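Worksheet: the structure to be examined is printed underneath.
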Amino acid sequence: MCDDWKNLVYEALAEQGNDVEAMKTKEFEPIPEPGFFSGASLAFKTTVFQGVFFAKSFFARRRLTHKNGVGAVGTATVVSHPKFPQNDFFTPNREFSVRLRHANLTNDDDRTLDVRAASIKFADIEEGGPFDLVMNTGRACPFWNGPTVKDFMASKRGNEALQEWLMKNSAYYRLAVESSRRAPSSYTQLSYYSQMTMELRDEMGEKHHARFRLIPRHYSGQDDGMPDKRDQYNYARFRLIP
């Protein structure tokens with residue numbers, strides 16, 4: 001993340017005449033406590049989302065997101081003296097053969113404002129493997145539960161739908177801007193984050209929360225292509241424009 005870059009979404013919303021404080025409050029509305037049928041409801045919604053993605057991918061004969069990628073193979077080595085909890089997977093000096101894939105979330109044109117992705121398979125094989133790590137630019141994802149995933153899917157219908165999505169919750173707008181990059185010079189000049197918290201068990205069986213990030217070896221602290229004021233103020237308009 002760029003040290004001197006600033007997210008201007010709240011300023012943009014204020015200039016458009018929105019009640020920014022009310023919108024901020026809505027960002028932090030508590031998630032309802034699970035009810036008796038919450039588990040069944042979640043399972044049903046998950047199945048629906050999976051079915052929608054499968055059907056659309058099947059008939060389109062391609063991925064729905066991250067369609068065109070570039071890949072590489074190589075080796076990943078765990079550091080000699082790790083500062084994370086000792087575990088039986090990321091052991092000191094262990095080497096993995098890995099596959100890496102970079103892609104844009106939506107657009108084929110690398111000049112457009114888009115989320116960029118990095119996926120690492122900890123094995124040089126086509127299928128399976130011990131661990132797949134999927135990461136995107138941006139420290140947090142603009143959707144985080146069933147209802148917000150549904151909102152996000154609706155935003156893919158065009159620029160008008162995208163604008164409605166951005167205004168529905170300022171967190172969507174803020175996190176979409178933070179996750180997007182405009183015409184970066186290279187995928188290797190960006191930082192990527194696993195946007196789901198995972199469980200890591202140490203050698204004693206104790207559970208830890210873990211998230212991962214991927215940064216350039218000589219990282220300056222600044223990603224290429226952070227959205228400028230024009231892109232932030234007019235995100236839906238300029239999303240698809242080089």
Side-chain angles (χ1 to χ4, degrees), residues 26-69 71 89 99-108 114-123 125-176 178-180 192-201 207-213 236 239:
K26 186 178 180 180
E27 288 188 20
F28 299 101
E29 288 181 347
I31 297 174
E33 291 293 327
F36 184 78
F37 295 104
S38 294
S41 176
L42 178 61
F44 174 75
K45 290 176 181 178
T46 300
T47 301
V48 170
F49 289 145
Q50 290 174 336
V52 169
F53 271 86
F54 173 80
K56 289 187 176 181
S57 297
F58 179 81
F59 289 109
R61 297 296 180 182
R62 59 174 173 79
R63 291 170 174 258
L64 289 183
T65 64
H66 307 91
K67 293 173 288 187
N68 298 316
F89 188 76
R99 291 189 177 191
L100 170 69
R101 184 181 189 271
H102 285 297
N104 302 336
L105 174 64
T106 303
N107 300 315
D108 295 334
D114 205 354
V115 177
R116 318 293 165 161
S119 303
I120 302 175
K121 177 181 284 294
F122 282 81
I125 55 178
E126 291 289 337
E127 301 288 343
F131 184 40
D132 289 353
L133 185 57
V134 180
M135 295 171 285
N136 284 331
T137 47
R139 297 177 183 176
C141 186
F143 50 87
W144 50 89
N145 57 22
T148 58
V149 170
K150 185 178 179 180
D151 287 347
F152 176 74
M153 292 174 65
S155 76
K156 312 299 286 183
R157 297 170 183 161
N159 276 25
E160 184 175 339
L162 176 59
Q163 181 63 32
E164 291 177 359
W165 175 72
L166 294 172
M167 300 304 296
K168 186 172 184 177
N169 188 326
S170 54
Y172 297 166
Y173 192 173
R174 177 170 53 81
L175 295 173
E178 184 175 313
S179 301
S180 298
Y192 304 89
Y193 296 83
S194 64
Q195 296 176 340
M196 295 181 63
T197 302
M198 305 179 190
E199 179 184 293
L200 176 68
R201 290 178 181 260
K207 298 179 182 179
H208 303 265
H209 291 147
R211 295 182 69 188
F212 298 84
R213 68 171 179 163
R239 178 76 164 77

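Start at 1 with the first residue, then count along the sequence. Since this is a predicted model, take the numbers as computed values, not measurements.
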Check: Rounded to the nearest 0.5 Å, what separation is found between the CG atom of Asn136 and the OG atom of Ser119?
Finding: 7.5 Å
Item checked: Neighbour count above 12 (heavy atom, 6.0 Å) for Glu199 CD -> yes
Margin query: Quick check: closest heavy atoms across Cys141 and Leu175, and the distance to 0.1 Å?
Written below: O-CD1, 3.4 Å
Checklist line | Main-chain N/O of Glu127 paired with Lys121 side-chain donor or acceptor, under 3.5 Å | finding: no
Item checked: For the student: nearest non-hydrogen atoms of Ser179 and Ala140, plus distance -> OG-O, 3.5 Å
Next item on the list: Spell out, as yes or no, whether a donor-acceptor pair under 3.5 Å connects the side chain of Ser41 to the backbone of Ser38.
Entry: no
Item checked: Minimum-distance pair of heavy atoms, taken over all atoms of Lys207 and Arg201 -> CE-NH2, 3.0 Å
Check: Any luck finding a side-chain donor-acceptor pair between Arg116 and Asn104 under 3.5 Å?
Finding: yes
Next item on the list: Can you sort out the partners of Asp151 under side chain to side chain contact (heavy atoms under 4.5 Å, CB included), two or more places apart, ordered by chain and number?
Entry: Trp165, Lys168, Tyr172
Item checked: Minimal non-hydrogen separation, Pro142 against Ala176, with atom names -> CB-N, 4.2 Å
Notebook entry, point to check: Rounded to the nearest 0.5 Å, how far apart are CG of Leu105 and NZ of Lys67?
Noted result: 9.5 Å
Item checked: Heavy-atom closest contact (Ala161 atom, Ala154 atom, distance) -> CB-O, 3.5 Å
Check: How far does CZ of Phe212 sit from CE of Met198, to the nearest 0.5 angstrom?
Finding: 6.0 Å
Item checked: Between NE2 on residue His102 and CE on residue Met135, distance to nearest 0.5 Å -> 8.5 Å
Note to self: Between Arg211 and Arg139 (side chain of the first, backbone of the second, donor and acceptor by atom type, cut-off under 3.5 Å), is there such a pair?
What the structure shows: yes
Note to self: Holding to salt bridge (charged side-chain N to carboxylate O under 4.0 Å, His left out), I want the full list of residues that pass it with Arg157, two or more places apart in sequence or in another chain.
What the structure shows: none
Next item on the list: Can you sort out the partners of Arg174 under salt bridge (charged side-chain N to carboxylate O under 4.0 Å, His left out), two or more places apart, ordered by chain and number?
Entry: Glu27
Margin query: Could you report the tightest heavy-atom contact between Ala117 and Tyr192, atom names first, then the distance?
Written below: C-CE2, 3.7 Å
Check: What's the spacing between Thr137 OG1 and Gln195 CD if we round to 0.5 Å?
Finding: 7.5 Å
Notebook entry, point to check: Is the shortest distance from a Lys or Arg side-chain nitrogen in Arg99 or Glu126 to a carboxylate oxygen in the other one below 4.0 Å?
Noted result: yes
Margin query: Using 30° and 60° as the class boundaries, would you call the ring planes of Phe89 and Phe122 parallel, tilted or perpendicular?
Written below: perpendicular
Check: Would you call Lys156 and Thr106 a side-chain contact if the rule is heavy atoms closer than 4.5 Å?
Finding: yes
Item checked: Spacing of OG belonging to Ser194 relative to CZ belonging to Arg213, to within rounding of 0.5 Å -> 11.0 Å
